[in-house]
There are 2 protein chains.
Amino acid sequence: MDNKKIEKISKALSDTSRIAILQQVKKKHEGLYCAEVNDLLDLTQPSVSHHLKQLVEADLLIPEKEGRNLKYSLNQKVLDDYIACLSSLKG
Amino acid sequence: MDNKKIEKISKALSDTSRIAILQQVKKKHEGLYCAEVNDLLDLTQPSVSHHLKQLVEADLLIPEKEGRNLKYSLNQKVLDDYIACLSSLKG
DNA sequence: TTCATTAATTCAAATATTTAAATGTTTCTA
DNA sequence: TAGAAACATTTAAATATTTGAATTAATGAA
């Protein structure tokens with residue numbers, strides 16, 4: 001994982017709304033729907049869409065189409081890789 | 001560690017210059033001086049100062065005065081706490 | 001096919017970040 | 001004390017991000 005990628009993931013994580021989204025994704029480990037984020041957090045629909053996009057583009061969330069719904073789940077591997085990079089910063 | 005703190009640390013990590021600074025800090029585990037950052041990375045002095053400030057304000061770096069120099073070292077505990085928070089996002 | 005639902009996109013406004021040039025502060029040394 | 005060195009701060013310009021309103025696109029159901 002290069003520095004550009006670390007930057008991208010960090011940027012995706014640098015917003016309390018997106019952190020909250022990830023926490024909700026954890027709770028519902030079958031996968032979280034876009035509309036659920038809308039209900040659970042106090043955000044408008046376009047704003048939710050924008051945040052989800054950032055998380056997907058950072059590869060932290062995996063989108064999956066289910067009819068007209070979209071189910072998001074955590075990309076554990078990418079999170080693990082990111083954590084490994086941060087760990088390697090330690091002495 | 002609350003979401004605001006996670007946001008702050010993530011933001012500090014969301015810049016390739018700052019990631020590079022942390023990587024240099026790791027290499028020189030006795031502590032890195034401001035002027036060294038200036039030499040190692042292609043940044044102007046005020047820019048280095050700005051980036052270091054962000055890292056210090058996120059508690060990732062610990063500044064230590066040494067005469068007219070400033071020595072920076074990694075705050076391992078904060079990095080560990082941050083990593084623990086990210087790990088807890090996993091199922 | 002038509003309507004309703006889900007979610008993405010576009011646009012604009014407000015805000016935040018990055019960067020360098022100029023300047024200021026602190027501390028060491030002669 | 002005067003000058004130099006190391007670093008911080010201020011300011012301004014360019015750029016990026018966040019957010020919501022309005023709109024569009026895609027899918028499912030009647």
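When reading the values below, keep in mind they use all heavy atoms of this one structure, side chains included, and skip hydrogens, waters and symmetry mates. Proteins get letters first, then strands, A, B, ... in listed order; numbering begins at 1 in each.
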Report summary line: Between CG of B/Asp15 and P of D/dA16 the distance, given in whole Å, is 13 Å
**Report entry** Atom pair distance, as rounded to whole Å: CD in B/Glu66 and P in D/dA6
**Finding:** 14 Å
Report task. Write down the distance between CD (A/Glu64) and P (D/dT27), rounded to a whole number of angstrom. Result -> 15 Å
Query raised in the report: Any ion pair linking B/Asp59 and B/Lys8 (charged N to carboxylate O, less than 4.0 Å)?
Result: no
Query raised in the report: A/Arg18 side chain to B/Glu7 main-chain N or O, any donor-acceptor pair under 3.5 Å?
Result: no
Query - For atom CG of B/Leu61 and atom C1' of D/dC7, their distance in whole Å - result: 15 Å
**Report entry** Salt bridge A/Lys90-B/Asp80, side-chain N to carboxylate O under 4.0 Å
**Finding:** yes
Report summary line: Result for 5'-nearest mapping on DNA chain C, choosing between B/Arg18 and B/Arg68, is B/Arg18
Query - Member of B/Glu36, B/Glu66, B/Glu30 meeting the salt bridge (Lys or Arg N to Asp or Glu O under 4.0 Å) criterion with B/Lys71 - result: B/Glu66
Report task. Give one of base, sugar-phosphate or nothing for B/Lys65, where a contact means two heavy atoms less than 4.0 Å apart. Result -> sugar-phosphate
Query raised in the report: What is the distance from OH of B/Tyr33 to P of D/dA6, rounded to the nearest Å?
Result: 12 Å
Query raised in the report: Is there a donor-acceptor contact under 3.5 Å from the side chain of A/Ser87 to the main chain of A/Ile83?
Result: yes
Query - Length of the NZ-C1' vector between A/Lys71 and C/dA7, whole Å - result: 17 Å
Query - Heavy-atom closest contact (B/Gln23 atom, A/Leu89 atom, distance) - result: CG-CD2, 3.7 Å
Query raised in the report: Rounded to whole angstroms, how far apart are CD on B/Glu36 and C1' on D/dA5?
Result: 15 Å
Query raised in the report: Looking at residues 38-58 of chain A, who's got a heavy atom less than 4.0 Å off DNA chain C?
Result: A/Gln45, A/Pro46, A/Ser49, A/Lys53
Query raised in the report: Starting at CG of B/Asn69 and ending at P of D/dA8, how long is that distance when rounded to a whole Å?
Result: 11 Å
